[in-house]
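Please read the structure below before turning to the comments.
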Amino acid sequence: MKAIRIFAASLIVLLLCQCGSGKKASGNVYKRNAEVSYYADKFNGNKTANGEKFSNSKLTAAHRTLAFGTRLKVTNLANDKSVVVTVNDRGPQKQSRELDLTKRAFMEITDNKNHGTLRVTIEIIK
């Protein structure tokens, strides 16, 4: 009987630990209301800081300090569209910006294809 109570209590604790907001499940918020931009096409073919060949058709990003290989969920605050990218380069050069996204990643979350920056929330994906 005691074993059944312990099992039941353990099951309840496990279920409670699984509950939570959807945002927490997707990652830890790294930065809110951050400005991001995208790479110009002239960088295609250049080497990134981690040695990969850059391509604007991939889902990657540049960040000043996050480790290479860090996966980020980037969500546009204006329309709630999001994309998952992997950090493979250093940047951006402009201090007010948090990330440089590839053109593909940027275009997946923007509504205005003629605008060069977005306000986003950045989450680190575990």
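Of the inter-residue distances, the one linking T48 atom OG1 with K53 atom NZ reads 12.0 Å to the nearest 0.5 angstrom. Here CG of N33 is found 9.5 Å from CD of E35. Values are rounded to the nearest 0.5 Å. Separation of atoms CG (D100) and CZ (R64) is listed at 8.5 Å; rounding is to 0.5 Å. Rounded to the nearest 0.5 Å, atoms OG1 (T102) and NZ (K58) are 10.0 Å apart.
Taking the side chain as every heavy atom from C-beta outward, E98 and V120 never approach each other to under 4.5 Å. In this structure, the side chains of E52 and F68 stay at 4.5 Å or more apart for every pair of heavy atoms.
Within the 3.5 Å criterion, the main-chain N or O of V87 finds no donor-acceptor partner in the side chain of T70. Distance alone, capped at 3.5 Å, places no donor-acceptor pair between the K73 side chain and the I125 backbone. Of the possible polar contacts, none joining the R71 side chain to the I124 backbone as a donor-acceptor pair under 3.5 Å is found. Within the 3.5 Å criterion, the main-chain N or O of K103 finds a donor-acceptor partner in the side chain of N56.
V84 and V29 fall into different hydrophobic clusters, where Ile, Leu, Val, Met, Phe, Trp and Tyr are joined by side-chain heavy atoms under 4.5 Å apart, directly or via other members. L77 and L101 fall into different hydrophobic clusters, where Ile, Leu, Val, Met, Phe, Trp and Tyr are joined by side-chain heavy atoms under 4.5 Å apart, directly or via other members.
By the side chain to side chain contact (heavy atoms under 4.5 Å, CB included) test, S57 is found to be paired with S55, residues two or more places apart in sequence or in another chain being considered. Remark: L59 engages V83, V85, R104, A105, E108 in a side chain to side chain contact (heavy atoms under 4.5 Å, CB included) (not counting sequence neighbours). Under the side-chain hydrogen bond (donor to acceptor under 3.5 Å, both in side chains) criterion, T86 pairs with no residue at all, not counting sequence neighbours.
K94 NZ: 12 or fewer foreign heavy atoms inside a 6.0 Å radius.
Between R97 and P92, the shortest heavy-atom contact is O-CG, 3.4 Å. Nearest heavy atom pair, residue N79 against residue I109, reads ND2-O, 3.0 Å. For the residue pair N76 and L118, the shortest heavy atom distance occurs at ND2-CD2, 3.7 Å. In terms of heavy-atom proximity, I122 sits nearest to A34 at CD1-CB, 3.9 Å.
The aromatic rings of Y38 and F106 lie tilted to each other, with the angle between the two planes from 30° to 60°. Note: Y39 and F54 have tilted aromatic rings, judged against thresholds of 30 and 60 degrees for the angle between ring planes.
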Stepwise side-chain contact (heavy atoms from CB on, under 4.5 Å) test for D80 and T75: CA-CA 6 Å; D80 210 33; T75 305; 3.5 Å; yes

Residue pair L72, L99: steps toward the side-chain contact (heavy atoms from CB on, under 4.5 Å) verdict: CA-CA 10 Å; L72 304 172; L99 292 174; 3.9 Å; yes

